[in-house]
Amino acid sequence: MSAYKSDFLNILAERGFIHQVSEPDALDARAKAGAITGYIGFDCTAASLHVGSLLPIMMLYWMQQTGHRPIALMGGGTTRVGDPSGKDESRRILTDEMIEQNLKGIRAIFSKFLKFDGAGGNADKSNAIMANNADWLNKLNYIDFLRDVGKHFSVNRMLAFDSVKLRLDRQQELSFLEFNYMVLQAYDFVELNKHHGCILQMGGSDQWGNIVNGIDLGRRMINAQLFALTSPLITTSSGAKMGKTAAGAVWLDAGLVSPYDYWQYWRNTEDGDVARFLKLFTILPLDEIARLAALKGQEINEAKKVLASEATALVHGRPAAIEAGETSRKTFEEGATSLALPTVSVARKDVAAGLGVLNAFVTAGLAASNGEVRRAISNNAVAVNDVRITSDKHTIGENDISSDGVIKLSLGKKQHVLLKPS
């Protein structure tokens, strides 16, 4: 059981979100006494956020659900620099136009988790805020910034932070641009405190040093008492990085990863991760999660389906989650062809002439090369319309087109694509 008295910290602790907290008793008392404001920063390095960003998004969600005010800080300014934390090399520099385009895609994700306005208007103290640090960072005068902010930073101390130390220990280049990132992040915290009364910054455990810098700067510049809360870095039971698959990142944008593929990602969760992921990535009550976590053997697959449906409903809506679950059931349990599966168009004339199985699977995106398809065939992992293929010389023709006008390609038991001749 959690020792915290505030609903906010109590829920985060019980669901597994907390790694470290600075001055936990003082923060708990502030959260218990009334609404507090806290933020998490998100850099705009891609057109969408991915599953790896879900943990901080859920922390902001629970912050608002317990009566507090979350700030989603868009890194329109800091993205121009690049956070060196956990990176082996410098990020590529993005143009302002690319950053602004990425911002649009990222903003859309937050509206699914946070309430920014509504009937309460400005009177609703828990309405979320979406801020952009470009609003203050892009206007800074370099000399003034050095004098007013830079004087509070010790280079000796900055060199000791993991994000810097690891790069230097490996003799990997760390540019002066990146070295400044922690100074800018600390300054964000001060700005958000001055403008919004923000007293808490949250982030992954690799952000601890950066956040503590902000606490220290707030004390030195404006005599503010600020707090840090970090979450554990999430890996799967087998040690894999969260949110990565063989096909790449699991994006939260339906245009980049379909709701069906998103549902399948969660359905394929390792047995040892089901209970933990239900707590972190769904809003199911803890007693219901405990019931699902107690399922053993084949029954644990039912818990995985619940995880998949609940996680998908949060990002893509309940109807999309239901459709994805039904598509999966028809595909796997009934062996039927479901038209909701990912579909790739091919020329009708190519099918009429005989489409080679190697080419077909590469075109469908199920394999990266002909060699990969050959290996899958030798492992009995390739099927066309649920019929196992044993030869890499096999061709797909018009006779393979179903009454629905498609051809179902399967790689293993879980990857399926429909070819649609047109």
Side-chain angles (χ1 to χ4, degrees), residues 37-65 68-83 91-122 124-139 181 184-185 187-189 191-192 195-198 200-204 207 231 242-243 248-259 262 281 283 311-321:
T37 301
Y39 91 97
I40 299 177
F42 299 83
D43 276 346
C44 316
T45 51
S48 170
L49 298 175
H50 54 70
V51 161
S53 301
L54 266 184
L55 194 79
I57 292 172
M58 293 304 296
M59 292 167 80
L60 292 176
Y61 169 84
W62 287 116
M63 185 170 204
Q64 187 167 48
Q65 292 300 309
H68 304 286
R69 183 169 61 165
I71 299 175
L73 178 66
M74 301 293 100
T78 41
T79 302
R80 301 171 88 187
V81 176
D83 183 3
R91 278 179 171 162
R92 70 188 180 99
I93 302 297
L94 301 179
T95 65
D96 289 348
E97 291 75 18
M98 291 162 74
I99 291 171
E100 187 55 39
Q101 194 60 39
N102 290 346
L103 259 172
K104 288 178 185 172
I106 292 170
R107 281 194 187 108
I109 301 295
F110 284 97
S111 62
K112 300 175 182 181
F113 291 86
L114 302 175
K115 177 191 166 201
F116 288 95
D117 51 33
N122 292 330
D124 189 342
K125 290 189 170 64
S126 69
N127 272 350
I129 295 169
M130 183 160 285
N132 184 348
N133 62 19
D135 292 346
W136 53 85
L137 294 182
N138 288 6
K139 299 171 187 171
Y181 187 94
L184 298 176
Q185 184 173 332
Y187 185 66
D188 284 346
F189 205 171
E191 283 287 319
L192 289 173
H195 294 294
H196 300 293
C198 180
L200 172 66
Q201 183 181 168
M202 301 184 288
Q207 292 293 316
S231 59
M242 183 78 189
V250 182
W251 301 104
L252 305 183
D253 186 325
L256 298 172
V257 170
S258 72
Y262 190 79
F281 302 116
I283 57 175
T312 303
L314 282 176
V315 174
H316 297 297
R318 182 67 62 185

> Just how far is it from atom CD of Gln65 to atom CG of Leu114, taken to the nearest 0.5 Å?
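Separation between the atoms: 9.0 Å.
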
> Give me the atom names and distance for the closest heavy-atom approach of Ile129 to His196.
CD1-ND1, 3.5 Å

> Distance check, rounded to the nearest 0.5 Å: Met202 atom CE versus Ile71 atom CD1?
10.0 Å

> Would you indicate whether the side-chain heavy atoms of Met63 and Leu200 approach each other to under 4.5 Å?
yes

> Which pair of non-hydrogen atoms, one from Val257 and one from Trp251, has the smallest distance, and what is that distance?
CG2-N, 3.4 Å

> Would Phe116 and Arg107 satisfy side chain to side chain contact (heavy atoms under 4.5 Å, CB included), going step by step from the backbone distance to the final call?
CA-CA 11 Å; Phe116 288 95; Arg107 281 194 187 108; over 6 Å; no

> I would like to know whether Phe113 and Ile283 meet side chain to side chain contact (heavy atoms under 4.5 Å, CB included); could you show each step before the answer?
CA-CA 11 Å; Phe113 291 86; Ile283 57 175; over 6 Å; no

> For residues Ala321 and Ala313, report the shortest heavy-atom separation together with the two atoms involved.
CB-N, 3.7 Å

> Do the rings of Phe189 and Tyr39 sit parallel, tilted or perpendicular, given the 30° and 60° boundaries?
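The arrangement is perpendicular - the two ring planes meet at more than 60°.
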
> Which heavy atom in Gly77 sits nearest to a heavy atom in Asn138, and how many Å separate them?
CA-OD1, 3.8 Å

> Side chain to side chain contact (heavy atoms under 4.5 Å, CB included), that's the test. Do Asn127 and Lys115 meet it? Break it down for me.
CA-CA 6 Å; Asn127 272 350; Lys115 177 191 166 201; 3.5 Å; yes

> Is a side-chain N or O of Lys112 found less than 3.5 angstrom from the main chain of Ala108, in a donor-acceptor match?
no

> Do Leu137 and Tyr187 come close enough that some side-chain heavy atom pair is under 4.5 Å?
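Yes, close enough: below the 4.5 Å cut-off.
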
> Supply the atom-to-atom distance Cys198 SG to Leu73 CG, rounded to the nearest 0.5 angstrom.
9.0 Å

> Between Glu191 (side chain) and Asn133 (backbone), is there a donor-acceptor pair under 3.5 Å?
no

> Please report the C-alpha distance between Glu100 and Leu103 in whole Å, then the side-chain angles of each, then the deciding distance to 0.1 Å, and finally whether the side chain to side chain contact (heavy atoms under 4.5 Å, CB included) criterion is met.
CA-CA 5 Å; Glu100 187 55 39; Leu103 259 172; 3.7 Å; yes

> Which pair of heavy atoms, one from Gln64 and one from Ala128, lies closest together, and at what distance?
NE2-N, 3.3 Å

> Please round to the nearest 0.5 Å and tell me the distance separating atom CH2 of Trp136 and atom CG of Leu184.
11.5 Å

> Give me the atom names and distance for the closest heavy-atom approach of Asn132 to Gly75.
OD1-C, 4.2 Å

> Looking at CZ of Phe42 and CD1 of Ile109, how far apart are the two atoms once the value is rounded to the nearest 0.5 Å?
11.0 Å

> Go through the steps to decide whether Gln207 and Gln201 satisfy the test side chain to side chain donor-acceptor pair (under 3.5 Å), and finish with yes or no.
CA-CA 10 Å; Gln207 292 293 316; Gln201 183 181 168; over 6 Å; no

